[in-house]
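All remarks here apply to the structure that follows.
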Amino acid sequence: MFVSYKWLQDYVDLSGVTADELAERITKSGIEVEGVEKKSEGIKGVVIGHVLEREQHPNADKLNKCLVDIGQDNPVQIICGAPNVDKGQKVAVATVGAVLPGNFKIKKAKLRGEESNGMICSLQELGIEAKLVAKEFSTGIFVFPNDAKVGEDALEYLGLDDEVLELGLTPNRADCLSMLGVAYEVAAILGRDVKWPEIDSANANENASEYIEVKVDAAEDNPLYVAKVIKDVKIGPSPLWMQARLMASGIRPHNNVVDITNYILLEYGQPLHAFDYERIGTKEIVVRRANQGEKITTLDDAERTLAPDHLVITNGNQPIALAGVMGGANSEVGSDTTTVVLEAAYFTGAVVRKASKDHGLRSEASARFEKGVDPNRVRQAAERAADLMAKYAGGTVLAGSVEVDTLSIEPAVVSVTLDKINVLLGTDLTVSEVEDIFTKLQFEVNTEDNEFTVTIPTRRGDISIEADLVEEVARLYGYDNLPTTLPVGAAIPGKLTAYQQKRRQVRRVLEGAGLYQAVTYSLTSEEKAAQFALEKRESIRLAMPMSEERSQLRLSIVPQLLEVLKYNTARQNDFIALYEIGSVFLKSEAADLPEEREHLAGALTGLWEAHPWQGEKKPVDFFVAKGVLESVFDTLGLMENIEYRQAEIAEMHPGRTAEILLDGKVIGFIGQVHPIIQNELDLKETYVFELSFKALADAEPEAIRYEAIPRFPSITRDIALVVDKETVAGDIQRVIAEAGGKLLKEVGVFDLYEGENMEQGKKSIAFSLKYFDPQRTLTDEEVTKTHDKVLSAVKEKTGAKLRG
Amino acid sequence: MQERLQELQEEALNQVTEASDLKALNDIRVAYLGKKGPITEVLRGMGKLSAEERPKIGALANEVRESIAAKIEEKQKNLEAAAVNEKLATEKIDVTLPGRPVKKGNHHPLTRIIEEIEDLFIGMGYSIAEGPEVETDYYNFEALNLPKGHPARDMQDSFYITEEILMRTHTSPVQARTMEKHEGKGPVKIICPGKVYRRDNDDATHSHQFMQIEGLVIDQNIRMSDLKGTLEVFAKKMFGADRKIRLRPSFFPFTEPSVEMDISCKICGGAGCSVCKGTGWIEILGAGMVHPNVLEMAGFDSKKYSGFAFGMGPERIAMLKYGIDDIRHFYTNDIRFLTQFHRHE
Ligand SMILES: [Zn+2]
């Protein structure tokens, strides 16, 4: 809502309060003023001029040579390119030395050999938005009414010596969608009175009811309909001050009748509609729900197909307006209109919202109906508009109005105790302080035993419960004046849950290992949603996606991370390692909501080791990625519970992928992305992992038990084995560990050889075994005995041969 | 004999001084101090001396021996040091070459902001509550005083999956769920961080997915002044003790009275600049006293209990704090972006 500072003074005395101060006070009391625009900022030296002569420029077809009286001793010659400039017009002249918006300075100039001493201005050149300039002046200069005084400040005539406050209204404050509503708010803040416009009543001897009949067949949508009739109107421009106020409020002037309806919409917050009486075609107005498939062409020349949940105004046969949203073209006020039927109605928000939404028509009128207009202003607005039509459109207002009224208006009565206010706010207010606030708001209040019973004016439809009153008190008392305290009460320790702690810890481990945390979108394409999914399920689709690219809920994170790798490698980053912990969404047949599972995913590509100047370069491989994950498992105390199993996953390299098992259950995978997919994404060798973080975090590790620091030496023995290529290290290691028994403390791979000098289909693998007893020093014989057992078990169970 | 000893001493000392390496020095030691050396020789001839002279010469001989030994030792140390220095000289490196990089990754900047806020409130006795990102219409709207058809639902156009299920538009449903779990008994003191979703076209200031972090306190006698005090502590710790805060009345369907909090602009110090759009203030969060309808719907007696809630956007805070100009950076994950938030400041 745009509020002209000058206009507001019609209703409330603003003396001693500048526009900026007012903005600050309004903001502090609850309505955010988003800006204060000084309309004349950057403009000076523009006066009213009188075009005395106009002839075509001798050297240019499209230029006019004008002699203009600007109120100085001699008229000046001005070259003007506007097509509509003519002799006898009163125009805005930027004189030599004037400044226009954009710091455009007007100087004496020669245009095609002819002297020009200034510029005749269009409204756009004076900083008015093109969409607000009346159509007849939109492609040329603005022409003032003839009574404009030559030499006077043109900005004053145009109402540009004004400041406009832009209010950011929240949905509850629909009362401030009108100048009068804002006046009440400002009056409450300043502790001043509200002045209402004076309305002269009609004195015609004909009655409106002789012209028109009104029937409402949808009283629940339209409990009040008021029609007035104004005859003998002469359509023409509205007075300049009215046009200026409309433009300041963001509405384009059209003609006097339409401008008056818009002016009242702004003044009272009550949308009005003017029909051309002749064009209605019948002598009746019937308000009803539309028939299925019924059609109307609205004022914007669009044909709209209606449905029974839309409310229409008809002439008894066909729709002439889409109620509360837009008039119909068939009954539009035009230059030949002489009799006007003025509609002031109370339409309910729901029915207007439906129509405006279905037809994509958001108008100043629909916005107000949707949020609820003040039922008590409907008649007043009609009377005021009719009066203005008499004054500024030469009309005669017929006596009375034609009404259908089924509306019962009971103002809300709400009570609150002083104690409740003080307890909820933490204040120490007295009865009279609170009463004073209600009085400033012009709420009627009765106080008994520290309880306030407040009658709420109908303009404030947002107030209906105790808490609403507390808020009114708080905002007018001033949030700045509230005391500052902290909650008192039993102290409860704040802490992270074990799950949350693990999440933070895992993040740190991954980051310490060199991975950056990514945050990607949960919504993705149908194709990507299920790629790399741990559990293949149908992905969940949005009912109305904004694009196919973001239409499904992800089942896995890896595709999103690969997208990030692709983005980064395309920008010359040669090493990228990322992880993400986030939710994936699994369709659930049993419950309403999908199952959301927190996953941990990672993706690595490029050079893992790259010494800046020693020439060392080692790309990421499977074991780099595995090592990263192992540090996570170790941190979570799950090293003993994790197993890897060769696996095949469609999107992964068939030979370089493992399933990860936690206590025998598959919880994730790790491996190289399938080279075909790598190619599609322009990626080099890329390793990824994704696992259920929830499974990891929910697993309970064993408690930490201190083990004595060894006092006796250990004995290390190595074995080198030749085995089939297919035999995996993990299996051999398991055999060794079993056979080694209690004395075998550690076993690890220390060499692997698959190259030359090996028999076809064989490989050599070497293990290092550490024997140790915490109680004593082991003898060589004891170790040899156990070690021999290990060797024979390995030979027997894995078919291994000892190597040289 | 005395003369002979003095001669030997002088001769030996000269040779020591001239010795250029450890081997030469060792030769000198063997030559003069060894069992077959000239001093021993001299001492052997002591038998010929008188009883008075004998101790004198003996003492002198010892003195000469010791002085030579001391001189040799000193020289040896010098030679050894010289040898070490010579070796070290060949080991010289260019200390200005860069160090070997240690692998490091880091938090996403949004996590950094969220953890900072979480920790701040954990210190004030709050717990962290989390909930589903796909929600029912009931928890996302109705339980928060936004019945079907409420005009404020327009304010947050949503991604519905079915008529009753949608991507949550705020983290407030976590508040509603947590309150319900408390079965009408306080206190509740939680912080709810998480991802939320709205039907916005992605541009420099909008994102269809973003983060939110909300707080909720419910107990008997929670006052609006408690909210004010809590927000003040938060703002000073998060943005610096020198920042001023301002509370403005506002409107949210789930709180009443409602508040918006501004902090004084850090860039211009309150004088007005382009970042604060000339106002000197920057809007940082929304808050308010929990609406009685919300309390009642979650099973709390609104006559007995009251509470406050607040919510803010980590993206906005990060953008202000680090001067980030485009919200899409948070979700593009450009490595050149992510690597900028790893250090203390
Ligand atoms: Zn600033």
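Throughout, protein chains are lettered first and strands after them, A, B, ... in sequence-line order, and every chain is numbered starting at 1. All figures in this text were calculated on a predicted structure; none of them were measured in a lab.
The part of A:Ser29 that comes within reach of chain B is its backbone (N, CA, C, O), which places non-hydrogen atoms under 4.5 angstrom from that chain. Both the backbone and the side chain of B:Pro132 come within less than 4.5 Å of a heavy atom of chain A. Residue contact with chain A, scored on non-hydrogen atoms closer than 4.5 Å, involves the backbone and the side chain of B:Ile335 alike. When heavy atoms are compared at a cutoff of 4.5 Å, B:Val233 approaches chain A solely by way of its side chain, counted from C-beta outward. In this structure, no portion of B:Glu164 lies under 4.5 Å from any heavy atom of chain A. Using a 4.5 Å cut-off between heavy atoms, B:Glu232 touches chain A through its side chain atoms alone.
The aromatic rings of B:Tyr331 and A:Tyr521 sit parallel, their planes meeting at an angle under 30°, below the 60° perpendicular limit.
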Which side-chain N or O atoms in residues 120-127 of chain B pair as donor and acceptor under 3.5 Å with protein atoms at least two apart or in another chain?
none

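A distance-only check finds no donor-acceptor pair linking the side chain of A:Lys28 to the backbone of B:Arg246 [under 3.5 Å].
Contact between A:Ile465 and B:His291 at its shortest, heavy atoms only, is CD1-CE1, 3.4 Å.
In this structure, CE in B:Met167 is found 4.0 Å from CG in A:Leu553, a value given to the nearest 0.5 Å.
Residues passing the side chain to side chain donor-acceptor pair (under 3.5 Å) test with A:Lys566, sequence neighbours excluded: none.
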